[in-house]
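Order of appearance sets the numbers: ligands from 1, and atoms from 1 within every ligand.
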Amino acid sequence: MALTNTQLLIQITMIAAILAVGSSNPNVQQGPQNWNFGFNYTNEPFRHPNPFQNSRRVIVGGSDNWRFGFNYTEWARTNAPFYFNDTLVFKYDPPSDTNIHPHSIYLLPNLWSFLRCDLRWAKRVASTTQGAGEGFEFVLNKWKPYYFACGESKGFHCQSGMKFFVMPSFRWQ
Ligand SMILES: *[C@@H]1O[C@H](CO)[C@@H](O)[C@H](O)[C@H]1NC(C)=O
Ligand SMILES: *[C@@H]1O[C@H](CO)[C@@H](O)[C@H](O)[C@H]1NC(C)=O
Ligand SMILES: *[C@@H]1O[C@H](CO)[C@@H](O)[C@H](O)[C@H]1NC(C)=O
Ligand SMILES: [Cu+2]
């Protein structure tokens, strides 16, 4: 039962249409990877026909960036799902005369330390200066839960809302 090229193209277009619905978040930009299966998609309305190789670039906090006084648990909930290979971008100002309470990024080892903002076994992934400019990029390239938190002020920033949890999912789910 050989499919003609037209039938195949129609099927791919339908799959792309279904998957395109999930990517309408304003904080999300499409990543650089882009396959086209060797077809010429110039006349197609869908610019990202391959659902598996498209990674998103998500600014953590959106226009609020990574800051004190913002609830990132709430943000992560409204911006879910996150996908395998998505890039999270953390933007925050480095320490300076006008910025005496800078931020950082830590990964907490488990749900228990996440809930308590217990930083004792946390691993620092970005220092107070690494969120400057274009921000610090973190790729969700493992299939595991990620517990992010700000590590400054001995857990006070974390307790005030600067923490969130992400479990990347696969696009075909
Ligand atoms: C795709 O189509 C565009 C415009 O119709 C054309 O300029 C381009 O050469 C085509 N690419 C391929 C690989 O056929
Ligand atoms: C994730 O990214 C890696 C490295 O760029 C790539 O080899 C892999 O195929 C990607 N996996 C998925 C599911 O997108
Ligand atoms: C952030 O929002 C979550 C979910 O709405 C809530 O459970 C939590 O208490 C909030 N955290 C802070 C520090 O306000
Ligand atoms: Cu902080």
| query | Does the ring of Phe148 carry Lys163 above it, NZ/CZ under 6.0 angstrom from centre and within 45° of its axis? | reply | no
| query | Against heavy atoms of Ser160, which atoms of ligand 3 measure under 4.0 Å? | reply | 13 (C)
| Would Cys150 count as a contact for the Cu ion (ligand 4), in the sense that one of its N, O or S atoms lies under 2.8 Å from it? | yes
| request: Look at His103 and state whether any of its N, O or S atoms is less than 2.8 Å from the Cu ion (ligand 4). | output: yes
| By side-chain contact (heavy atoms from CB on, under 4.5 Å) - contacts of Asp93 (at least two apart) | Asn99
| query | How far does OH of Tyr92 sit from CD of Glu152, to the nearest 0.5 angstrom? | reply | 8.5 Å
| request: Check all N, O or S atoms of His157 and name the one closest to the Cu ion (ligand 4). | output: ND1
| said: Among all the protein's non-hydrogen atoms, which is closest to atom 10 (C) of ligand 3, and how far away is it? | reply: Asn71 ND2, 2.5 Å
| request: Look at atom 5 (O) of ligand 3 and find which of Lys163, Gln159, Arg77, Glu74 reaches it with the closest heavy atom. | output: Glu74
| message | Can you classify the ring geometry of Phe165 versus Tyr147 as parallel (below 30°), tilted (30 to 60°) or perpendicular (above 60°)? | response | tilted
| request: Kindly say whether Gly151 contributes a backbone atom to a donor-acceptor pair with the side chain of Ser104 at under 3.5 angstrom? | output: yes
